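As the structure is a computational prediction, the values presented were derived from the model and not from experiment. Count residues from 1 along the sequence.
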Amino acid sequence: MTLSDRATSRRTVLTALAAAATAGAPLVGQLATAAPAFATGENDLYDTNTDLYTSTNHPVVEGTDYGRRSRRHEQFDGYLSKKGVHTQKTAIMAIHGGQIERGTSELCLAIAGYDPSDANKPALLPTVHDYWMFEGMRSENNRDLHVTSVNCDDHVARVLAASHPSVLSLHGCQYSQLGMPDTMIWPSQTDPKLVVVGGLDKPFRDALLYELNTAGFPAVDALSDPYKANLADFAGAATKNICNRTMNGAGAQLEITEDMRRSLFGPLDTDFDRKSGRIATWDNPRFLGFRDACRRAIATVEAGRPIL
């Protein structure tokens with residue numbers, strides 16, 4: 001089945017469900033439970049971001065259903081006699097941010113050097129990074145706004161990736177989705193807080209694995225021999241994945257389990273489930289530890305990659 005066929009099939013099902021609801025027919029579970037995050041586009045309602053922005057079958061409104069936030073830092077090089085100094089080497093992305101894969105927007109802003117509670121405030125850290133986020137803003141059904149990474153064709157996101165040597169793309173998943181046999185599960189099933197590191201940039205993956213594990217955030221390499229068979233859908237290994245559409249044709253992505261993301265915010269369910277809870281509770285040692293581990297990995301990789 002092609003991507004187009006899957007999308008058509010998905011829309012046909014949704015149209016039938018809508019018609020049944022209008023007629024008063026019972027729906028399975030009344031569609032009350034939230035759908036989990038997906039690493040592939042098999043269940044996506046929209047083929048691409050452009051399809052989402054322009055759809056007439058399932059129209060959405062920017063600022064109501066979804067939002068986009070980005071920042072590009074100004075750089076000026078107007079001297080013929082001086083070598084330019086290019087400081088923006090890594091862009092940070094949360095392409096399923098807001099209420100789609102919760103916690104990734106806050107992490108994106110923090111890793112970029114900004115205040116997760118207000119991106120318009122001055123930078124919190126001296127080194128800052130360009131960023132792009134697509135964010136679900138609905139009270140429910142934000143999963144329908146998911147566009148898989150290989151189909152992310154937002155023009156700002158594409159340009160941002162193409163103009164940077166590397167990208168760190170942040171995603172959310174469920175531990176149960178990873179599907180690893182019991183003999184391969186690490187850490188144990190009793191603690192499903194895990195980060196799956198992917199992307200085609202191996203030095204970047206290695207730096208992220210080292211810094212996250214050293215800081216106490218268990219992480220595995222999705223492309224390593226012990227895990228590549230089970231984590232293929234979470235590996236970010238496609239060349240068309242937005243994290244790999246960089247100047248070097250490679251980047252990195254983090255698939256962060258919900259248990260891990262929840263642990264970065266306050267102890268109440270609402271501290272994670274709601275945006276208001278996340279922006280009120282992000283400033284804690286665990287969240288900052290995760291942020292700083294990612295920033296150390298970025299700094300390590302950037303130090304070894306001068307732009308000529």
**OP:** Determine the minimum heavy-atom distance between His146 and Ile100, stating which atoms define it.
**Re:** CB-CG2, 4.4 Å
Original post:
Aromatic ring centroids of Tyr53 and Tyr66 under 6.0 Å?
Top reply: yes
Subject >> Chi angles and distances behind the side-chain contact (heavy atoms from CB on, under 4.5 Å) call for Gln99, Ser139 >> reply: CA-CA 8 Å; Gln99 292 296 102; Ser139 59; over 6 Å; no
Original post:
Distance from Leu109 atom CG to Ser117 atom OG, nearest 0.5 Å?
Top reply: 9.0 Å
**OP:** Working to the nearest 0.5 Å, report the span between CD of Gln174 and CZ of Arg261.
**Re:** 6.5 Å
Original post:
Is a donor on one side and an acceptor on the other found under 3.5 Å between the side chain of Ser263 and the backbone of Met260?
Top reply: yes
Original post:
Are Ile242 and Arg158 close enough, and set up right, to give a side-chain contact (heavy atoms from CB on, under 4.5 Å), and what steps lead you there?
Top reply: CA-CA 7 Å; Ile242 192 66; Arg158 286 277 186 93; 4.1 Å; yes
Subject >> salt bridge (Lys or Arg N to Asp or Glu O under 4.0 Å) partners of Glu140, counting only residues at least two apart >> reply: none
Original post:
Under 3.5 Å, is there a donor-acceptor pair between the Glu302 and Thr90 side chains?
Top reply: yes
Original post:
Does Pro203 offer a backbone N or O that forms a donor-acceptor pair with the side chain of Asp206 under 3.5 Å?
Top reply: no
**OP:** List for me each residue that meets salt bridge (Lys or Arg N to Asp or Glu O under 4.0 Å) alongside Asp153, sequence neighbours excluded, and say none if there are none.
**Re:** none
**OP:** Determine yes or no for a side-chain-to-main-chain donor-acceptor pair under 3.5 angstrom, with Asp271 supplying the side chain and Gly277 the backbone.
**Re:** no
Original post:
Nearest heavy-atom pair of Cys108 and Met133: which atoms, and what distance?
Top reply: SG-CG, 3.6 Å
Subject >> Sequence neighbours excluded, every pair satisfying salt bridge (Lys or Arg N to Asp or Glu O under 4.0 Å) that has a member inside residues 279-301 >> reply: Glu211-Arg296
Original post:
Do Val147 and Leu52 have side chains that get closer than 4.5 Å, going by heavy atoms?
Top reply: yes
Subject >> Residues that Asn142 engages under side chain to side chain donor-acceptor pair (under 3.5 Å), provided they are two or more places apart >> reply: none
**OP:** Give a yes or no answer on whether the side chain of Asn151 reaches the backbone of Asp47 with a donor-acceptor pair at less than 3.5 Å.
**Re:** yes
Original post:
Is there a side-chain contact between Arg143 and Asn43, using heavy atoms and a 4.5 Å cut-off?
Top reply: yes
Subject >> side-chain hydrogen bond (donor to acceptor under 3.5 Å, both in side chains) partners of residues 237-246, not counting sequence neighbours, each pair once >> reply: Asn241-Gln253
Subject >> Shared hydrophobic cluster for Leu107 and Ile279 (ILVMFWY, side-chain gaps under 4.5 Å) >> reply: no
**OP:** Hey, could you give me the OG/CG distance between Ser55 and Leu45, rounded to the nearest 0.5 Å?
**Re:** 7.0 Å
Original post:
Is Lys193 close to Tyr175 at the side-chain level, that is, under 4.5 Å between some pair of heavy atoms?
Top reply: no
**OP:** Please identify each residue that fulfils side chain to side chain donor-acceptor pair (under 3.5 Å) with Asp221, with sequence neighbours left out.
**Re:** Arg205
Original post:
If you take all heavy atoms of Val156 and Ser70, which pair is closest and at what distance?
Top reply: CG1-OG, 4.1 Å
Original post:
Could you walk me through whether Phe134 and His96 pass the side-chain contact (heavy atoms from CB on, under 4.5 Å) check?
Top reply: CA-CA 6 Å; Phe134 176 91; His96 306 136; 5.7 Å; no
For residues 118-127, dump all side-chain donor-acceptor pairs below 3.5 Å to protein atoms at least two apart in sequence or in another chain.
unit_1, atom_1, unit_2, atom_2, d
Asp118, OD1, Asn120, N, 3.0
Lys121, NZ, Asp115, OD2, 3.4

**OP:** Mind checking side chain to side chain donor-acceptor pair (under 3.5 Å) for Ser105 and listing every partner two or more places apart, or none if nothing turns up?
**Re:** Glu135
Original post:
Under the salt bridge (Lys or Arg N to Asp or Glu O under 4.0 Å) test, which residues partner Arg102, sequence neighbours left out?
Top reply: Glu258, Asp273
**OP:** Quick one: closest heavy-atom pair of Val196 and Ala222, and the distance?
**Re:** CG1-CB, 3.5 Å
Original post:
What ring-ring contact (aromatic ring centres under 6.0 Å, His included) pairs are there with at least one residue in residues 204-223, not counting sequence neighbours?
Top reply: Phe217-Phe290
Subject >> Gap between atom CZ of Arg68 and atom CG of Asn49 - 0.5 Å precision >> reply: 8.0 Å
Original post:
Between Ser169 and His171, does any side-chain donor sit less than 3.5 Å from a side-chain acceptor?
Top reply: yes
Subject >> Closest contact, heavy atoms only, His73 versus Tyr114 >> reply: NE2-OH, 2.5 Å
**OP:** Please check if Ile111 and Leu209 belong to a single hydrophobic cluster, counting links between Ile, Leu, Val, Met, Phe, Trp and Tyr side chain heavy atoms closer than 4.5 Å.
**Re:** yes
Subject >> Phe272 vs Thr281, side-chain contact (heavy atoms from CB on, under 4.5 Å): CA-CA, chis, key distance, verdict >> reply: CA-CA 9 Å; Phe272 175 77; Thr281 64; over 6 Å; no
Subject >> Those residues that, when tested against Arg72, pass salt bridge (Lys or Arg N to Asp or Glu O under 4.0 Å) (two or more places apart) >> reply: Asp130
**OP:** Using a strict 4.0 Å threshold on nitrogen-to-oxygen distance, state whether Arg138 and Asp65 make a salt bridge.
**Re:** yes
Original post:
Nearest 0.5 Å, what's the CG-CZ distance between Leu254 and Phe234?
Top reply: 14.0 Å
Original post:
Is there a chain of hydrophobic side chains (I, L, V, M, F, W, Y, each step under 4.5 Å between heavy atoms) that links Leu223 to Val197?
Top reply: no
Original post:
Could you state the interatomic distance from CD1 (Ile95) to CG (Asp154), rounded to the nearest 0.5 Å?
Top reply: 10.0 Å
Original post:
Just by modelled atom types, is the Pro192 backbone N or O under 3.5 Å from a matching donor or acceptor in the Thr257 side chain?
Top reply: yes
**OP:** For residues Val60 and Glu62, determine if any side-chain heavy atom of one lies less than 4.5 Å from a side-chain heavy atom of the other.
**Re:** no
Original post:
Do Cys243 and Asp201 come close enough that some side-chain heavy atom pair is under 4.5 Å?
Top reply: no
Subject >> Cluster overlap Val159 with Val150, hydrophobic side-chain contacts below 4.5 Å >> reply: no
Subject >> Close side-chain approach of Glu106 and Phe265, heavy atoms under 4.5 Å >> reply: yes
**OP:** State plainly whether one hydrophobic cluster holds both Leu208 and Val195, where clusters connect Ile, Leu, Val, Met, Phe, Trp and Tyr through side-chain heavy atoms under 4.5 angstrom apart.
**Re:** yes
Subject >> Set of residues satisfying ring pair (Phe, Tyr, Trp, His ring centres under 6.0 Å) with respect to Trp282, sequence neighbours excluded >> reply: Phe287
